[in-house]
Chemist: 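The structure follows.
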Amino acid sequence: MAGRTTSTGSAQTSRETTGTTSTTAGEKAAALRALHVPGRPLVVPNVWDAASARAVEAEGFPVIATGSAAVAPVLGYDDGEETPVEEMLAAIARISRSVGLPVTADMERGYGLEPAELVERLAAAGASGCNLEDSDPRTGAMVDADEQAAFLGAVRSAAVDAGVDLVINARIDTYMNGTGDAGERLAESVRRGRRYLEAGADCVYPIFAAEAEAVRALAERIEGPINILFRPGTPSLGELASLGVARVSFGHGLHKAVQAYTTRMLTAIRDGESPYSPAL
């Protein structure tokens, strides 16, 4: 795939120490990239704050991934780039400081930052990778594929120029915001996926693709690592591996479940019951 860098510039070689280990930013990015193996997917339970990140690390997962739809409400905002970029990056930085693992950040469509500034600020926040999506977060309108490829290419070039190794996960929103029947959405997802990989993305993320045969076709026809969102109705983790998936995300699903559980506990307290009942 085009556009990857293993530069050893100053930004790349800054060291982060956690406990008894010391790992460069470049080593973290390289480790993150290497975990994207079709058929042996990287499983990333998306987090929303430092506490959830530490819990993921404690359970032995190798990577921390944020989800904007989970982080935003924690910060008091709606998803869709409603969070001020300074607050989103500060949240990512707190998460990065709290763990010793590579962190990949959901940056929606870049929060209006130019590619060079996006790369610089992600590196400053300690992120090894990022998600970038191809529909307008505010309107849901699909971005032209060539325009998005140019944006991804500019982010890759800016990373190379800055000596930053950044793992780019290019989200494809055809199944969420596109038009046409299932076959047309599949074909457009394949077209976009190939284009984004050529532009310098490391992995592509056809979000909401869930039917097993569609996932298999995407993995085979895109001819590069694909990320699938795990949610109710998605094939099991084992099945996704057999379909050739390289990465599995949970989006804001875990945060949504935690919030639902919290609501049940609060309801119990309101009703004069114990919030710690096994029934909850």
Side-chain angles (χ1 to χ4, degrees), residues 1 32-48 52 55-56 59-70 79 101-102 104 106 108 129-135 140 142 167-197 201-261:
M1 288 165 212
L32 170 59
R33 181 177 289 109
L35 288 167
H36 289 73
V37 181
R40 287 192 291 129
L42 167 64
V43 177
V44 286
N46 298 73
V47 308
W48 50 93
S52 55
V56 168
E59 288 301 314
F61 292 94
V63 168
I64 301 297
T66 71
S68 69
D79 194 27
L101 301 176
T104 180
D106 182 356
E108 302 201 55
C130 67
N131 279 18
L132 294 169
E133 59 202 49
D134 66 356
S135 65
M142 293 295 296
V167 180
I168 300 173
N169 191 32
R171 204 178 87 179
I172 302 169
D173 290 355
T174 313
Y175 283 92
M176 181 170 69
N177 294 325
T179 59
D181 61 22
E184 291 168 327
R185 291 180 188 234
L186 172 61
E188 179 63 6
S189 296
V190 170
R191 184 178 79 88
R192 286 176 178 260
R194 289 177 173 175
R195 186 74 182 86
Y196 299 165
L197 291 171
D202 297 280
C203 181
V204 295
Y205 182 12
I207 194 168
F208 288 4
E211 196 272 328
E213 288 309 308
V215 172
R216 185 190 304 278
L218 288 163
E220 291 176 350
R221 292 170 57 184
I222 287 175
E223 299 180 339
I226 71 165
N227 182 175
I228 293 297
L229 175 68
F230 190 95
R231 57 184 184 141
T234 305
S236 71
L237 292 176
E239 289 171 316
L240 289 174
S242 71
L243 295 171
V245 172
R247 174 168 164 171
V248 180
S249 300
F250 285 76
H252 74 298
L254 298 181
H255 180 255
K256 183 178 179 180
V258 168
Q259 289 299 103
Y261 185 77

Chemist: Should Tyr196 and Ile168 count as side-chain neighbours, where that means a heavy-atom distance under 4.5 Å?
Modeler: no
Chemist: Quick one: closest heavy-atom pair of Leu229 and Gly251, and the distance?
Modeler: CD1-N, 3.5 Å
Chemist: Could you tell me whether a side-chain N or O of Arg194 sits under 3.5 Å from a main-chain N or O of Arg221, the two making a donor and an acceptor?
Modeler: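 Yes; at least one donor-acceptor contact below 3.5 Å.
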Chemist: Please find the pair of heavy atoms, one from Gly140 and one from Ser135, that lie closest to each other, and give the distance.
Modeler: O-CB, 3.9 Å
Chemist: Apply side-chain contact (heavy atoms from CB on, under 4.5 Å) to residues Leu254 and Trp48 and explain how you reach the verdict.
Modeler: CA-CA 9 Å; Leu254 298 181; Trp48 50 93; 4.0 Å; yes
Chemist: Can you tell me how far apart CG (Leu32) and SG (Cys203) are? Round to the nearest 0.5 Å.
Modeler: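 Leu32 CG to Cys203 SG: 9.5 Å, rounded to 0.5 Å.
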Chemist: Taking the side chain as every heavy atom from C-beta outward, state whether Thr104 and Arg247 have any pair of such atoms under 4.5 Å apart.
Modeler: yes
Chemist: Assess whether a salt bridge exists between Glu188 and Arg185, defined as any Lys/Arg side-chain N lying under 4.0 Å from an Asp/Glu carboxylate O.
Modeler: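 Judged by the 4.0 Å cut-off on N to carboxylate O distance, Glu188 and Arg185 do not form a salt bridge.
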Chemist: Within a strict 4.5 Å, meaning less than it, do heavy atoms of the Leu42 and Pro62 side chains meet?
Modeler: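 The answer is yes, as the side chains (C-beta and beyond) meet within the 4.5 Å cut-off.
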Chemist: Which heavy atom in Ser52 sits nearest to a heavy atom in Val47, and how many Å separate them?
Modeler: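 Shortest heavy-atom contact: OG-CB, 3.3 Å.
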Chemist: I need the Ile228 CD1 to Phe250 CZ distance, nearest 0.5 Å.
Modeler: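 Nearest 0.5 Å value for the CD1-CZ distance: 12.5 Å.
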Chemist: Closer than 3.5 angstrom, by distance alone: can the side chain of Asn177 be matched with the main-chain N or O of Met142 as a donor-acceptor pair?
Modeler: no
Chemist: Could you work out, with ring pair (Phe, Tyr, Trp, His ring centres under 6.0 Å) as the rule, every residue matching Tyr175, not counting sequence neighbours?
Modeler: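 Scan of Tyr175 (ring pair (Phe, Tyr, Trp, His ring centres under 6.0 Å), adjacent residues dropped) gives none.
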Chemist: Test your reading of the model: is there a side-chain donor-acceptor pair from Gln259 to the backbone of Lys256, 3.5 Å cut-off?
Modeler: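 Checked: no pair found.
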Chemist: Which residue in the set Arg171, Arg195, Arg192 passes side chain to side chain donor-acceptor pair (under 3.5 Å) when paired with Asp134?
Modeler: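 One option only clears the test, and that one is Arg192.
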Chemist: Per the side-chain hydrogen bond (donor to acceptor under 3.5 Å, both in side chains) rule, what does the pair list look like for residues 231-245, sequence neighbours excluded?
Modeler: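 Every side-chain hydrogen bond (donor to acceptor under 3.5 Å, both in side chains) pair that includes a residue of residues 231-245, provided the two are not neighbours, is Ser236-Glu239.
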Chemist: Against Val204, only a single residue in Asn169, Leu218, Ile226 fulfils side-chain contact (heavy atoms from CB on, under 4.5 Å); can you say which?
Modeler: Ile226
Chemist: Find out whether Val215 and Leu240 are in side-chain contact, i.e. whether some heavy atom of one side chain is under 4.5 Å from a heavy atom of the other.
Modeler: yes
Chemist: Do Asn227 and Val245 make a side-chain contact, defined as non-hydrogen atoms from C-beta onward lying under 4.5 Å apart?
Modeler: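 Answer no - side chains too far apart.
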Chemist: Between CD of Glu133 and CD1 of Ile172, what distance do you get to the nearest 0.5 Å?
Modeler: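 These two atoms lie 12.5 Å from each other.
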Chemist: Can you name the closest pair of heavy atoms from Ala201 and Ala170 and give their distance?
Modeler: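 Residues Ala201 and Ala170, closest heavy atoms: CB-CB, 3.8 Å.
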Chemist: Would the distance check show the side chain of Asn46 and the main-chain N or O of Thr66 forming a donor-acceptor pair, the cut-off being under 3.5 Å?
Modeler: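 It does hold such a pair.
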Chemist: Could you check if a side-chain atom of Val44 sits within less than 4.5 angstrom of a side-chain atom of Phe61, using non-hydrogen atoms only?
Modeler: no
Chemist: Just so I know, are the side chains of His36 and Asp202 near enough to count as touching, which here means a heavy-atom distance under 4.5 Å?
Modeler: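 Of all side-chain heavy-atom pairs linking Asp202 with His36, none is under 4.5 Å.
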Chemist: So, for Asp79 and Ser68, which heavy atoms are closest and what is the spacing to 0.1 Å?
Modeler: OD1-OG, 2.8 Å
